Amino acid sequence: MDYKYIEQLLERYWSCETTVEEETLLRDFYKQTNLPENLERYRSLFEFQNEQAELRLGEEFDEKVLSKIDETVVKAKHNKFVYRLYPFYRAAAIVAVVFTLGLAVQHSFSRGDNSVADTYNYASYKDTYTDPQVAYEQVASALKEVSDGLRSAGLQTEDSLNIQK
Amino acid sequence: MINFRDDVLPLKNRLYRLALRITAHTGESEDIVQETMIRAWNHRDEFESGSSVEAFCVTVCKNLALDYIGKKESQNTALEDTVLEQADNAATPFQKLSHEDGKKWVYRLFQQLPDKQRIIMQLRDIEGKPYREIATLLNITEEQVKVTLFRARQKIKQEFEKIDNYGL
């Protein structure tokens, strides 16, 4: 190895004019023994750099950090599983409503069959409205309110499901 | 989408050496690398490439390590578990130093540099990174990298010259 070239490299190293490759060459140069005194004096610097580049974390670190990462993945998977169940909650809610309505209808029919006291007597009804048009409008408005209420409840449920997703 | 084993875990040694350069504490450095990697993983949806993962990790690792030494300094306690502890004979004439003592003396020089110089010297002289990459990792200009490295190397050179001038 041309020592003159190394001396030049060293000068350029101190002035930050060397490339990464030239600095690697310097570090490799100092791996050899028996150098002239003027070059030997910098051995500790480049040996130190070589030595520090070898510092490593062991396999145990991998295991430790991977177990921590798995914990976060399992947690995320668990959350996804909960979110995935939302359509079933929705279906269950619909079934519950239909079932309740069914029960209510069945109950009202059975009451009509078995109870004489509850027999409808249309003759005894009293009109609450004298004008059929007003009565029709009142009924239509009441039904519309019920319909709007159901629709907005449905939209709110969908929105909340989208937010959770 | 990044993969932990391929994009994050391979950074462990570089991050460990960086943390160690700043904290001079092996146990703490290991904890810092672990914390850095967990944070990177928690932000995995935000990375576009492997290089942005490294920049993120270097920033987090550096900040955690600086926080650690900041806390240590505020508590006014000495850093423990360092290789430096046995290097008290740093003023010993250079030629009388054994190889091992010489490296400890250099270690001490490195650790005495200001944080910024030490971090840049770590990335350049130990990790062998080009100026442009260091600038990207530290979010500074290439010029700032060169100027800071120049000061650090000049300081080291002066310390070597001081030993020569003591008539050795």
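Computed from a prediction, not measured in an experiment: that's the story for all the values here.
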Inset, instruction - Identify the heavy atoms of B/N13 and A/L57 that sit nearest to each other, and give their distance. - result: OD1-N, 2.8 Å
Legend entry - Which atom of B/Q34 lies closest to which atom of A/V65, heavy atoms considered: CG-CG2, 4.0 Å
Legend entry - Proximity breakdown for B/R21 and chain A, heavy-atom pairs closer than 4.5 Å: side chain
Inset, instruction - List the atom of B/L11, the atom of B/M37, and the distance in Å for their closest heavy-atom pair. - result: C-CE, 4.1 Å
Legend entry - chain A interface, residue from B/R5, B/K129, B/K146 that has the most non-hydrogen pairs under 4.5 Å: B/R5
Inset, instruction - For B/R151, look at atom CZ and say whether over 12 heavy atoms of other residues, nucleotides or ligands are found less than 6.0 Å away. - result: no
Legend entry - Contacting moiety of B/K157, where chain A heavy atoms sit under 4.5 Å: both
Legend entry - B/T23 side chain to B/E28 side chain, donor-acceptor N/O pair below 3.5 angstrom: no
Legend entry - Worked check of side chain to side chain contact (heavy atoms under 4.5 Å, CB included) between B/R14 and B/E54: CA-CA 10 Å; B/R14 261 176 278 167; B/E54 185 174 4; 3.0 Å; yes
Inset, instruction - Let me know if B/L15 has heavy atoms under 4.5 Å from chain A in its side chain, its backbone, both or neither. - result: neither
Legend entry - Verify same cluster id: A/V134, A/V139 (apolar side-chain graph, 4.5 Å): no
Inset, instruction - Select one option (side chain, backbone, both, neither) describing which atoms of A/E23 are under 4.5 Å from chain B's heavy atoms. - result: side chain
Inset, instruction - Let me know if B/F4 has heavy atoms under 4.5 Å from chain A in its side chain, its backbone, both or neither. - result: side chain
Inset, instruction - Answer with side chain, backbone, both or neither: which region of B/V8 has an atom nearer than 4.5 Å to a non-hydrogen atom of chain A? - result: neither
Legend entry - Side chain, backbone, both or neither of B/L9 within contact of chain A (heavy atoms, under 4.5 Å): side chain
Legend entry - Top contributor to chain B contacts, counting heavy-atom pairs under 4.5 Å, from A/Y13, A/F46, A/F61: A/Y13
Legend entry - Region of B/E127 in contact with chain A, defined by heavy-atom distances below 4.5 Å: neither
Inset, instruction - Go through B/Q122, B/Q154, B/E30 and name the one with the most non-hydrogen pairs under 4.5 angstrom from chain A. - result: B/E30
Legend entry - Contacting moiety of A/E51, where chain B heavy atoms sit under 4.5 Å: side chain
Legend entry - Linked, directly or transitively: B/F150 and A/L10 (ILVMFWY side chains, under 4.5 Å): no
